[in-house]
*Asks:* 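Take this structure, written in structure tokens, and hold onto it; I'll ask about it next.
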Amino acid sequence: MSRTVKLAKPVVLVPSQSFDSKLHRQARDNPGLPAGVAQIAQHLAERDGVPATVEEMSGSRSLKLYTYGYVVGMFPTRDADAYTLAWITPLRLRDHQDLARGHLLIRATWRTVTELRHVPQGSSAQWPQLTGEWAKLQRTTGDQRGVPDLDPAHERFLDTLDRLIDTTRTFNARKADDLSRFPYSGVETAGERRYSSASSYVFRMVGDRRPERGRFVQLQGEPEQRGEVTRVEGDRVTVRFDQPVDWRRLARQGDLEETPNEVVYAKQHEAVRALRTRQAENRTVLPALVDHRVAPIQQVREIPSEELDSDQLSAFRASLGVQDMLVVLGPPGTGKTRTISQVARACALSRERGRVLVTSYTNRAVDNVLAKLPKDVVVVRVGNEGKIGSDALPFLLERWAEDLRSEVLSTSEASLRGYRGLPTAVQWRAELGKQIGLLHVEVDAEAAALRQLHAARRAGGGPAQQRVEALEAELAEHGSRARQLNERLQRLLQQAARADARRAWPLVRAWSERRARARHARIEAVRSELASCGEHARHAQAQLSGALVALDVATRDLPQIRQITGQLHAIEGRRDARRRDALAALEAVRAIVRPVDEVPAVPDSDAPSTLAALTDLHARLGPRLDLLARRSTLLGEWHADASKSADQLYPELIRYADVVGATTTGAATRSEIAETEFDLAIVDEAGQIGTADLLVPVVRAKRAVLVGDHRQLPPFVDRDVVNWSNDLDDPELRALVRKSGLEILVGHLPATHIVSLTQQRRMPRVIADFISEAFYDGNLTTHVERAHADPLFTQPLAFVDTSRLPDRAERPAGGGNGSWVNHAEARLLAALASFYHARREEWALIVPYKAQLNLVRRMLGEDIPDLRTVDNNVGTVDAFQGGERDIILYGFTRSNAAGNVGFLQDLRRANVALTRAKRQLVLVGDIVTLLNARDEGFQQFACALRDHVRAHGDVRHHHDLMTMLAEKT
């Protein structure tokens with residue numbers, strides 16, 4: 001859909017300070033881009049209307065113009081008298097999709113100036129007119145899609161969300177003022193094998209300060225050169241940049257500076273705006289979230305490919321039949337991932353449904369689902385290669401693209417070899433045409449000589465010639481009579497067939513039988529006469545053959561006959577030679593193009609037939625060879641494009657995917673899928689996702705299934721934002737700050753749209769029984785029995801007490817961030833992890849504080865040098881929600897006489913940590929501190945845990961366990 005806008009005044013374009021350099025860099029890899037700003041204006045002026053869209057990013061609006069294979073982005077100047085050209089990119093598939101959704105067609109006069117001060121007096125960007133027309137276009141689009149207008153409650157809800165997003169962003173920006181800079185004195189390539197086109201470089205740092213691993217940094221003053229710190233080793237820091245970075249553009253000395261991630265807030269605003277303008281793919285988000293109105297769930301008959309328990313089956317069928325939004329509550333170990341994978345498979349392989357988006361706040365949760373999908377589902381994982389688990393790496397978009405690129409290169413190279421002989425084939429076709437022309441001459445000469453021979457024989461043949469002519473006339477008469485009899489026989493047979501169809505009618509049966517007998521008699525008479533005619537014809541043909549021999553004997557010695565016969569023999573010799581040369585030329589063409597095309601052969605029969613077939617094939621070979629030449633050119637261009645980068649293959653791979661996996665933020669921020677539409681969005685660990693983040697993927701699918709557990713970790717919220725919301729008399733805002741979208745819906749959606757999973761099969765019963773009573777009102781039932789076998793502990797649930805250690809006390813981590821470390825506890829945890837790692841066990845080590853995490857990682861580095869192994873198995877509680885391991889080691893960290901437990905008092909954090917184990921759970925902590933916690937809720941929890949472990953588990957003291965570890969290692 002488009003809307004034409006005619007601007008009364010000329011539109012003035014001014015390049016930004018960096019625009020020319022950006023255009024120059026882009027043009028090196030994209031020859032189709034314009035040579036400069038003047039050519040952009042020329043291209044705009046040549047068009048009878050320029051397609052345009054209005055885009056919002058980071059709270060500001062920009063205008064995008066689409067022309068001649070590229071897109072130009074611009075912003076109104078401060079005085080709104082012109083537009084500043086900000087960026088330019090080649091036209092991509094995503095741009096075509098944007099235009100298809102709706103665009104303005106701007107008809108205007110375009111002018112350029114080199115600087116703002118050269119903008120003519122009285123110029124106007126006419127920005128209000130464009131934004132107004134854009135708003136009208138969006139309203140029209142919403143009306144055509146059947147999306148209802150927003151009511152006041154919806155408007156208030158969206159206003160509140162925008163307010164929350166802006167406030168969170170503001171607090172984040174204030175913290176950005178204190179972000180650190182880190183000087184470096186050298187840089188080198190990382191040399192890592194990567195499938196993505198992003199660049200990794202190693203910076204040699206100056207001084208003692210280093211950026212933390214996982215932080216985002218940019219080269220000072222270069223916001224486009226932004227990346228994540230992936231490794232810190234001594235003075236060497238490895239940064240993986242979001243986009244390719246040219247080695248030649250890297251300053252050999254400079255500063256790395258920490259940078260906040262503003263894209264998240266822009267995408268949250270974008271999701272809100274899609275709802276406000278009624279452009280969201282999901283048309284039922286607001287009724288579900290605000291009004292709690294949902295459509296009835298449709299009945300489905302699909303059967304899962306794997307056996308599901310009764311709760312899982314209910315969730316499976318409800319997910320397939322939901323028309324708007326469904327909540328699936330899944331406590332730990334109840335098979336959320338299994339259920340999600342079956343839903344994704346059923347949707348992906350159904351003709352009635354479309355593409356599925358599997359998303360979550362964490363990479364780990366997404367990877368867990370994708371790893372369980374069957375092989376008959378085409379899965380593409382979009383995300384940062386360094387953060388994706390090994391199980392999901394085979395699905396990585398970049399890996400798919402690189403494999404496809406290699407296959408394309410290999411196949412195209414082989415195909416191009418088959419096309420290399422085309423110029424020679426064209427030459428052989430020309431030779432074929434030449435030989436066909438010469439063959440035509442000889443065939444015509446042969447026909448003329450034969451006519452002369454027949455005339456001479458008729459003139460000198462006498463009685464022998466008269467005999468031949470009489471027999472030829474007789475044979476022709478027999479032939480004519482045979483054709484007449486055969487036509488009559490066919491008519492009689494058709495009449496008989498029609499009559500047989502009527503013979504079953506009782507009223508005419510006797511009459512039709514008499515007619516049939518008479519007809520049969522006539523048929524037999526005609527057949528007899530036809531046979532007789534044939535016999536006479538064969539006899540006449542035999543006589544004619546003898547007469548022709550007699551004619552030849554009677555006339556062969558005539559001087560004229562001898563002369564013509566000699567000429568005819570010479571012509572036949574030349575004719576046969578030309579025919580052989582033409583067939584040889586054709587065979588040469590066939591041999592050359594055989595690798596890429598099949599050219600039919602021409603049988604070597606009588607000259608006229610061969611000549612007709614060759615002439616027809618020669619005519620058809622011309623267009624065919626032209627088509628092969630064009631194919632060769634396109635194949636060469638394709639091979640050249642594929643040789644450059646695999647990025648261009650991304651849209652096609654996404655288009656053919658059944659399931660796409662990405663984090664909630666990555667679902668919108670990754671350009672490869674930013675505009676892809678989905679039939680169903682499955683949001684895992686939704687209890688950990690705030691409403692603003694939840695909307696980012698949900699608005700892009702027609703339906704949504706939220707899977708999670710509101711009794712585990714809530715969304716992370718900045719402390720300043722919480723304090724801000726506390727000062728406001730707005731219950732809805734406070735709920736949006738503190739609760740996940742899933743938790744809000746649990747209290748309001750009808751029971752039909754909330755399915756609970758209650759049968760757990762992950763944890764041993766001794767662990768699950770405590771979890772059920774402590775967190776799930778005793779509703780969690782265990783359906784698994786495992787024999788216990790562990791070299792250190794007698795029960796699947798163990799507590800190692802550090803309260804008797806003299807150096808057990810915690811220490812503040814420094815930096816004023818409220819984090820804590822506990823060296824004694826860290827040493828024990830590292831020793832346990834090293835022990836189980838040496839036994840090749842599946843293990844994970846979880847701690848609540850990031851500072852403690854870094855301490856444990858450093859200690860483990862001495863025994864486990866593989867950094868990726870440590871990263872995959874050591875993390876905070878937040879990072880492990882949704883994961884599981886055979887052995888879980890959890891350290892409480894806090895140890896003090898005052899009973900301060902900090903954010904451990906949020907028992908949902910303990911719920912997550914204690915429910916990851918499939919075989920053995922080892923808890924390490926100061927039991928005295930935990931039992932004397934100042935927070936009453938946590939104290940009750942610690943007492944219940946102590947009593948349960950005493951009654952059913954294994955209690956050890958730090959010294960005893962360290963002694964045992966020393967003996968066993």
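Numbering of residues begins at 1 and proceeds along the displayed sequence.
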*Asks:* Quick one: ring pair (Phe, Tyr, Trp, His ring centres under 6.0 Å) pairs with a partner in residues 876-922, sequence neighbours left out?
*Replies:* Y849-F903, Y890-F892

*Asks:* Hey, are the side chains of D871 and T869 touching, using non-hydrogen atoms and a 4.5 Å cut-off?
*Replies:* no

*Asks:* Tell me which pairs pass salt bridge (Lys or Arg N to Asp or Glu O under 4.0 Å) where either residue lies in residues 932-943, with sequence neighbours left out.
*Replies:* none

*Asks:* Taking side-chain contact (heavy atoms from CB on, under 4.5 Å) as the definition, give me every residue that meets it alongside N872, ordered by chain and number, with sequence neighbours left out.
*Replies:* R868

*Asks:* Taking atom CZ of R209 as the centre, does the number of heavy atoms from other residues, nucleotides or ligands within less than 6.0 Å exceed 12?
*Replies:* yes

*Asks:* Suppose we screen for side-chain contact (heavy atoms from CB on, under 4.5 Å). Which residues come up paired with P812, at least two apart in sequence or across chains?
*Replies:* W820

*Asks:* Identify the heavy atoms of A917 and L921 that sit nearest to each other, and give their distance.
*Replies:* CB-CB, 3.9 Å

*Asks:* If you take all heavy atoms of L370 and R381, which pair is closest and at what distance?
*Replies:* CD1-CD, 3.4 Å

*Asks:* Name each donor-acceptor pair under 3.5 Å that joins a side chain in residues 923-930 to protein atoms two or more places apart or in another chain, with its distance.
*Replies:*
residue, atom, partner, partner atom, Å
D926, OD1, V928, N, 3.0
D926, OD1, T929, N, 3.3
D926, OD2, R808, NE, 3.3
D926, OD2, S895, OG, 2.6
D926, OD2, T929, OG1, 2.9
T929, OG1, N896, N, 3.0
T929, OG1, N896, O, 3.0

*Asks:* Grab the two heavy atoms, one from A768 and one from T782, that are nearest each other, plus how far apart they are.
*Replies:* CB-OG1, 3.2 Å

*Asks:* Is D709 salt-bridged to R908, cutoff N-O under 4.0 Å?
*Replies:* no

*Asks:* Tell me whether the count of non-hydrogen atoms from other residues, nucleotides or ligands lying under 6.0 Å of CZ in R786 goes above 12.
*Replies:* yes

*Asks:* Going by salt bridge (charged side-chain N to carboxylate O under 4.0 Å, His left out), name the residues that satisfy it together with D886, two or more places apart in sequence or in a different chain.
*Replies:* K918

*Asks:* What is the distance from atom CD of E685 to atom OG of S360, rounded to the nearest 0.5 Å?
*Replies:* 5.5 Å

*Asks:* Does R181 come within less than 4.0 Å of E257, counting only side-chain N to carboxylate O?
*Replies:* yes

*Asks:* Does D391 pair with K372 as a salt bridge, N-O distance under 4.0 Å?
*Replies:* no

*Asks:* Closest heavy-atom contact between P331 and L780?
*Replies:* CB-CD1, 3.9 Å

*Asks:* Does a side-chain N-to-carboxylate-O contact under 4.0 Å join R711 and D777?
*Replies:* yes

*Asks:* D790: what forms a salt bridge (charged side-chain N to carboxylate O under 4.0 Å, His left out) with it, not counting sequence neighbours?
*Replies:* R919

*Asks:* Side chains of Q342 and S305: any donor to acceptor distance under 3.5 Å?
*Replies:* yes

*Asks:* Look only at the side chain of Q312 and the backbone of D309, and say whether a donor-acceptor pair between them is shorter than 3.5 Å.
*Replies:* yes

*Asks:* Considering only residues two or more places apart or on different chains, which pairs with a residue in residues 331-340 satisfy salt bridge (Lys or Arg N to Asp or Glu O under 4.0 Å)?
*Replies:* E306-R338

*Asks:* For I846 and A913, work out which heavy atoms get closest and say how close.
*Replies:* CD1-O, 4.4 Å

*Asks:* Using the six-membered ring wherever Trp is involved, compare the ring planes of H837 and W843 and label them parallel, tilted or perpendicular (cut-offs 30° and 60°).
*Replies:* perpendicular

*Asks:* Would R885 and E841 satisfy salt bridge (Lys or Arg N to Asp or Glu O under 4.0 Å), going step by step from the backbone distance to the final call?
*Replies:* CA-CA 9 Å; R885 293 289 196 279; E841 300 281 6; over 6 Å; no

*Asks:* Just wondering, do V358 and D684 contact through their side chains at under 4.5 Å, heavy atoms?
*Replies:* no

*Asks:* To the nearest 0.5 Å, tell me how far L965 CG sits from F835 CZ.
*Replies:* 6.5 Å

*Asks:* Any side-chain heavy atom of D878 within less than 4.5 Å of one from R909?
*Replies:* yes

*Asks:* Going by the salt bridge (Lys or Arg N to Asp or Glu O under 4.0 Å) test, which pairs reach into residues 945-954, not counting sequence neighbours?
*Replies:* D954-R956

*Asks:* For the OG atom of S200 and the CZ atom of R231, what is their distance to the nearest 0.5 Å?
*Replies:* 10.0 Å

*Asks:* Do T337 and N368 pair up side chain to side chain, a donor and an acceptor below 3.5 Å, judged on atom types alone?
*Replies:* no

*Asks:* Kindly say whether G389 contributes a backbone atom to a donor-acceptor pair with the side chain of D367 at under 3.5 angstrom?
*Replies:* yes

*Asks:* Can you check whether Q795's main-chain N or O pairs, donor with acceptor, with Q920's side chain at less than 3.5 Å?
*Replies:* yes

*Asks:* With the side chain counted from C-beta on, respond yes when P332 and V912 share a heavy-atom pair under 4.5 Å apart, and no when they do not.
*Replies:* no

*Asks:* Is it the case that the side chain of E743 and the backbone of G687 share a donor-acceptor pair, with hydrogens and angles ignored and the cut-off at 3.5 Å?
*Replies:* no

*Asks:* Between E862 and R827, does at least one N-O distance fall below 4.0 Å, as a salt bridge requires?
*Replies:* no

*Asks:* Please determine, by modelled atom types, if Y776 and N911 share a side-chain donor-acceptor pair under 3.5 angstrom.
*Replies:* yes

*Asks:* Rounded to the nearest 0.5 Å, how far does CG of L907 lie from CZ of F775?
*Replies:* 5.5 Å

*Asks:* For D866, which residues count as a salt bridge (charged side-chain N to carboxylate O under 4.0 Å, His left out) partner, sequence neighbours excluded?
*Replies:* none

*Asks:* Would you check if the side chain of E825 reaches a backbone N or O of T893 as a donor-acceptor pair within less than 3.5 Å?
*Replies:* yes

*Asks:* Counting only heavy atoms not in H959, do more than 12 sit closer than 6.0 Å to its NE2 atom?
*Replies:* no

*Asks:* Check salt bridge (charged side-chain N to carboxylate O under 4.0 Å, His left out) between D769 and all other residues, then give those that pass, not counting sequence neighbours.
*Replies:* none

*Asks:* What pairs with D863 under side-chain contact (heavy atoms from CB on, under 4.5 Å), at least two apart in sequence or on another chain?
*Replies:* S834

*Asks:* Side chain of H788, backbone of F793: donor and acceptor closer than 3.5 Å?
*Replies:* yes

*Asks:* Keeping T359 on the side-chain end and A662 on the backbone end, is there a donor-acceptor pair under 3.5 Å?
*Replies:* yes

*Asks:* Any side-chain donor-acceptor pair under 3.5 Å between Q760 and T334?
*Replies:* no

*Asks:* Could you tell me whether a side-chain N or O of T802 sits under 3.5 Å from a main-chain N or O of H958, the two making a donor and an acceptor?
*Replies:* no

*Asks:* Applying the side-chain contact (heavy atoms from CB on, under 4.5 Å) test to R857, which of L855, L853, L860 qualifies?
*Replies:* L853

*Asks:* Would you say the side-chain atoms of D801 pair up with the backbone N or O of S803, donor to acceptor, closer than 3.5 Å?
*Replies:* yes

*Asks:* Between H957 and R804, is there a side-chain donor-acceptor contact under 3.5 Å, judged purely by atom types and distance?
*Replies:* yes

*Asks:* Can you label the angle between the F203 ring and the Y201 ring as parallel, tilted or perpendicular, going by 30° and 60°?
*Replies:* perpendicular

*Asks:* Run the salt-bridge test on E810 and R894 with the 4.0 Å N-O cut-off and return the result as yes or no.
*Replies:* yes

*Asks:* Is there a donor-acceptor contact under 3.5 Å from the side chain of R236 to the main chain of V232?
*Replies:* no

*Asks:* Decide, yes or no, whether a salt bridge links R762 with E884 under the criterion of side-chain N to carboxylate O below 4.0 Å.
*Replies:* yes

